[in-house]
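Just follow the structure's listing: the first ligand is 1, and inside any ligand the first atom is 1. These numbers were taken from a predicted model, which means no experiment stands behind them.
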Amino acid sequence: MQELLASDQEIYNLIKQEEQRQADKIRLIASENYVSLPVLQATGSVLTNKYSEGYAGRRYYEGQQVIDLVENIAIQRAKDLFGAEHANVQPYSGSPANLAVYLAFIKPGDTILGMALPHGGHLTHGSPVSISGKYFHACSYALDPETGLLNYDTIRQTAIDNQPKIIIAGHSAYPRIPDFAKFREIADEVGAILMVDMAHFAGLVAGGAHPSPVLHADVVTTTTHKSLRGPRGAMILCKAQHAAAIDKAVFPGIQGGPHDNTTAAIAVAMKEAASDEFKSYAVQVVQNARSLADSLLANNFNLVTGGTDNHLMLIDLTNKGIGGKRAAKALDKAGIVTNYNAVPFDKRKPTDPSGIRIGTSAVTSRGFKEQEMVYIGEKINRILADIDNNELIEQTAAEIKELCSRFPAPGLEHIS
Ligand SMILES: *Cc1c(COP(=O)(O)O)cnc(C)c1O
């Protein structure tokens with residue numbers, strides 16, 4: 001990046017600092033990852049210069065000789081990877097992808113049913129602060145207060161009572177695997193569209209380490225940058241019968257020109273995700289989450305639902321007498337990056353909830369295995385047991401930096 005250095009040292013230096021931070025720290029934010037250098041290169045390519053409103057063969061600007069080919073490859077790879085009848089790879093990110101689905105199927109004021117945000121759902125599933133909760137009549141299902149698990153009887157009853165036009169399955173902070181067949185039954189019973197938002201676990205689905213929602217759902221949305229390890233972006237997969245409605249909703253419904261550089265990077269990431277190496281990654285992500293969960297349980301941490309079946313877990317810190325925010329800040333200083341997160345039926349406020357959320361996608365991408373998970377569990381325990389010990393925090397950060405230097409992260413191989 002010598003040219004960037006010469007033209008804008010300020011931003012160059014900040015990018016270098018961020019590279020170093022990503023190299024030196026144990027990144028456990030469940031939605032984050034490390035993309036490969038090829039994905040970075042496609043993202044940073046001249047495809048960012050092109051405008052291509054419309055779809056291959058029916059664009060509103062000339063000069064699409066290359067872009068049409070790129071987008072068609074991305075679409076084909078997405079369809080092959082997930083076994084989908086149709087794919088739209090243009091959504092700018094997960095939130096607009098979800099909005100496009102609503103635009104495709106419902107009108108303002110219609111009812112949607114999703115998982116409550118404080119129970120692990122996403123803002124775009126009908127939270128009152130989101131357009132999805134302001135423009136639509138949003139109702140939500142809660143987790144079982146005893147088990148912290150999805151309760152399909154409750155979901156079914158909520159669906160019957162509210163008659164939603166769309167039922168949304170999928171989550172940002174649920175450590176178990178939804179039963180997509182059950183959701184399908186409930187949607188059929190009330191005549192709703194079933195939308196599955198697999199933003200978090202799409203990489204596990206691609207790698208065969210998580211059941212696929214694609215056969216059960218009318219439409220599946222996903223980000224491409226979380227466990228799937230692609231660029232910032234999103235995709236909508238759907239049955240052929242909904243293809244025209246979905247495409248029209250994305251463009252011209254809510255977007256203008258697609259980000260062609262991102263489309264190319266999605267294509268690159270889908271090729272990577274079809275490899276045997278990626279399958280091993282996906283399996284290891286889940287194994288690592290289990291090991292980390294076991295290590296935390298052994299250190300007397302409470303995990304929501306008692307563990308995990310996917311890439312993430314939620315630690316309820318109530319028994320440790322520490323708020324989630326304070327814990328996350330101390331861990332970050334020690335080189336372990338997490339986010340504070342509400343736990344189901346949290347008694348504390350959302351800005352300082354009782355839990356932290358932890359995911360294993362990024363650390364698995366850099367090659368961490370079970371042994372490192374046990375190490376991380378022990379470090380989290382040591383820091384949180386002695387949270388004001390700055391000496392311990394500094395010493396831990398140094399140790400973690402040393403550990404990380406032995407596991408070069410994808411895209412950051414040039415940093416020692
Ligand atoms: C992350 C996420 C999104 C939104 O993605 P952005 O790219 O941040 O807009 C949507 N749905 C779920 C379930 C998510 O976890």
Side-chain angles (χ1 to χ4, degrees), residues 27-33 35 39 43 78 82 88-103 112-127 129-133 136 138 140-141 143 150 166-178 180 183 194-206 210 212-214 217 219-238 246 249-250 254-255 258-259 262-263 265-266 269 285 289 308 310-314 338-342 344 357-362:
R27 297 171 57 232
L28 297 176
I29 292 179
S31 48
E32 293 185 352
N33 214 327
V35 298
V39 168
T43 305
F82 291 106
N88 185 307
V89 297
Q90 293 193 3
Y92 299 142
S93 214
S95 303
N98 289 350
L99 192 55
V101 174
Y102 304 146
L103 182 66
I112 59 173
L113 171 63
M115 187 185 223
L117 177 70
H119 287 205
H122 191 258
L123 280 168
T124 56
H125 297 179
S127 158
V129 299
S130 145
I131 189 171
S132 61
F136 304 107
S140 59
Y141 48 87
L143 295 170
L150 287 166
I166 298 180
I167 295 177
I168 306 146
H171 50 79
S172 305
Y174 182 65
R176 302 292 178 174
I177 294 171
F180 301 121
F183 271 106
L194 177 61
M195 160 179 170
V196 177
D197 180 350
M198 63 171 182
H200 257 265
F201 50 87
L204 305 185
V205 173
H210 188 293
S212 171
V214 170
V219 48
V220 175
T221 59
T222 182
T223 55
T224 46
H225 49 268
K226 296 180 182 174
S227 57
L228 193 50
R229 214 160 73 184
R232 291 310 263 236
M235 307 192 294
I236 304 176
L237 311 172
C238 65
I246 288 295
V250 173
I254 59 163
Q255 294 191 171
H259 297 174
T262 299
T263 306
I266 288 175
V285 167
T308 176
N310 57 20
H311 63 300
L312 71 82
M313 66 210 77
L314 269 177
T338 65
N339 65 277
Y340 59 85
N341 211 101
R357 185 184 66 162
I358 281 180
T360 52
S361 302

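Within ligand 1, the atoms closer than 4.0 Å to a non-hydrogen atom of S172 are 12 (C), 13 (C), 14 (C), 15 (O), numbered from 1 in the order shown.
Aromatic pair H311/F201: ring centres not closer than 6.0 Å.
For atom 14 (C) of ligand 1, the nearest non-hydrogen atom from the set H200, K226, H171, M115 belongs to K226. Of all the listed residues (H225, M198, H122), H122 holds the heavy atom that lies closest to atom 4 (C) of ligand 1. Between atom 12 (C) of ligand 1 and the options T223, T124, T224, D197, the minimum heavy-atom separation is to D197.
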Begin with the C-alpha distance, continue with both residues' side-chain angles, and end with the deciding distance and a verdict on side chain to side chain contact (heavy atoms under 4.5 Å, CB included) for M195 and N98. CA-CA 9 Å; M195 160 179 170; N98 289 350; 3.3 Å; yes

Test side chain to side chain contact (heavy atoms under 4.5 Å, CB included) on I168 and Y102; report intermediate values, then the result. CA-CA 11 Å; I168 306 146; Y102 304 146; 3.3 Å; yes

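Using modelled atom types and a 3.5 Å distance limit, the side chains of D197 and H125 yield a donor-acceptor pair. Side chains of S132 and S130: a donor-acceptor N/O pair is present below 3.5 angstrom, by distance only. No donor-acceptor contact under 3.5 angstrom links the side chains of S361 and N33, judged on distance only.
At the shortest separation from atom 9 (O) of ligand 1 among protein heavy atoms lies S95 OG, 2.6 Å. Nearest non-hydrogen protein atom to atom 7 (O) of ligand 1 is S93 OG, 2.4 Å.
Looking at ligand 1, you won't find any N or O of G170 less than 3.5 Å from one of its N or O atoms.
For R232, the heavy-atom gap to ligand 1 stays at 4.0 angstrom or more.
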